[in-house]
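Side chains are part of it too, since the values below use all heavy atoms of this structure and drop only hydrogens, waters and symmetry mates. Residues: numbered from 1 along the sequence shown. Every number for a ligand or one of its atoms is a count from 1 in the order of the listing.
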Amino acid sequence: MYVRLVKSFGFEAAHFLPGFPEGHKCRRMHGHSFRVDVVVAGEMDPVVGHLIDYGEIKKAIEPLHEKLDHQVLNQVENLENPTSEMIAAWLWERLVTTLPLLAEVIVHETCTSRCHYQGPEHIGP
Ligand SMILES: [Zn+2]
């Protein structure tokens, strides 16, 4: 049985987006209550009846949450241009080493705006 598990977490942070055109509101320093969904997927163990422990996902997230929460994201190493897309890729690179079943990282910048990222090998829709 193939399943997808989702573990969500949130963090509060400030950023500005230097790649946006001069005068664009996103170039100004501002903050968001970001929400992230970490998705793992695979064939579950039929005996145990689950894929992996949600606690394992939480453990993988914790050190990254520490690096992002209440920070100016532009000052986080390798996150100088912290768009939702770049945050998703940053999280993917760091989560995939401990979560080989990682299938998707979704970064919600607001309640209505989010980025879905399925890793560098996933091309197209
Ligand atoms: Zn923003």
Side-chain angles (χ1 to χ4, degrees):
M1 188 172 125
Y2 185 85
V3 294
R4 291 167 72 84
L5 302 185
V6 184
K7 184 80 181 161
S8 302
F9 71 101
F11 66 94
E12 320 293 327
H15 75 172
F16 59 92
L17 302 177
F20 277 58
E22 205 67 51
H24 192 286
K25 65 179 182 179
C26 291
R27 279 185 73 109
R28 295 196 295 271
M29 179 75 84
H30 62 281
H32 295 283
S33 293
F34 288 93
R35 204 170 62 90
V36 178
D37 300 322
V38 176
V39 184
V40 294
E43 284 292 330
M44 73 166 203
D45 181 326
V47 178
V48 186
H50 82 169
L51 181 64
I52 64 168
D53 189 331
Y54 285 105
E56 279 185 49
I57 309 173
K58 191 178 176 203
K59 237 187 280 169
I61 290 168
E62 272 167 356
L64 302 174
H65 176 265
E66 198 64 28
K67 287 187 178 171
L68 299 176
D69 191 41
H70 286 75
Q71 300 294 335
V72 175
L73 297 179
N74 304 70
Q75 296 170 357
V76 174
E77 197 177 3
N78 298 314
L79 204 49
E80 292 78 13
N81 183 25
T83 59
S84 296
E85 293 88 331
M86 298 304 282
I87 297 167
W90 186 94
L91 285 165
W92 177 282
E93 282 168 29
R94 283 149 187 85
L95 285 168
V96 77
T97 53
T98 45
L99 291 176
L101 295 175
L102 187 63
E104 189 167 28
V105 173
I106 305 165
V107 174
H108 303 251
E109 188 165 298
T110 68
C111 297
T112 57
S113 307
R114 63 185 179 270
C115 169
H116 291 239
Y117 183 58
Q118 298 177 349
E121 273 132 57
H122 184 88
I123 297 163

Exercise. Without hydrogens or angle criteria, can the side chains of H116 and D37 be said to hold a donor-acceptor pair below 3.5 Å?
Worked result: no

Exercise. Around E80, counting heavy atoms of other residues, nucleotides and ligands shown, do more than 12 lie under 6.0 Å from its CD?
Worked result: yes

For this session: Quick one: closest heavy-atom pair of R94 and E77, and the distance?
Result: NH2-O, 4.3 Å

Exercise. Considering all heavy atoms of both residues, which atom of Q71 and which atom of V76 are nearest to each other, and what is their separation?
Worked result: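 Taking every non-hydrogen atom into account, CB-CG2, 4.3 Å.
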
Problem set entry | Atoms of protein origin (N, O or S) under 2.8 Å from the Zn ion (ligand 1) |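 Protein N/O/S atoms under 2.8 Å of the Zn ion (ligand 1): H15 NE2, H30 NE2, H32 NE2.
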
Seminar exercise, completed: Interatomic distance, CE@M44 vs OH@Y2, rounded to 0.5 Å, equals 14.0 Å

For this session: Measure the NE2-NE2 distance between H65 and H70 for me, rounded to the nearest 0.5 Å.
Result: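 Rounded to the nearest 0.5 Å, the NE2-NE2 separation comes to 8.5 Å.
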
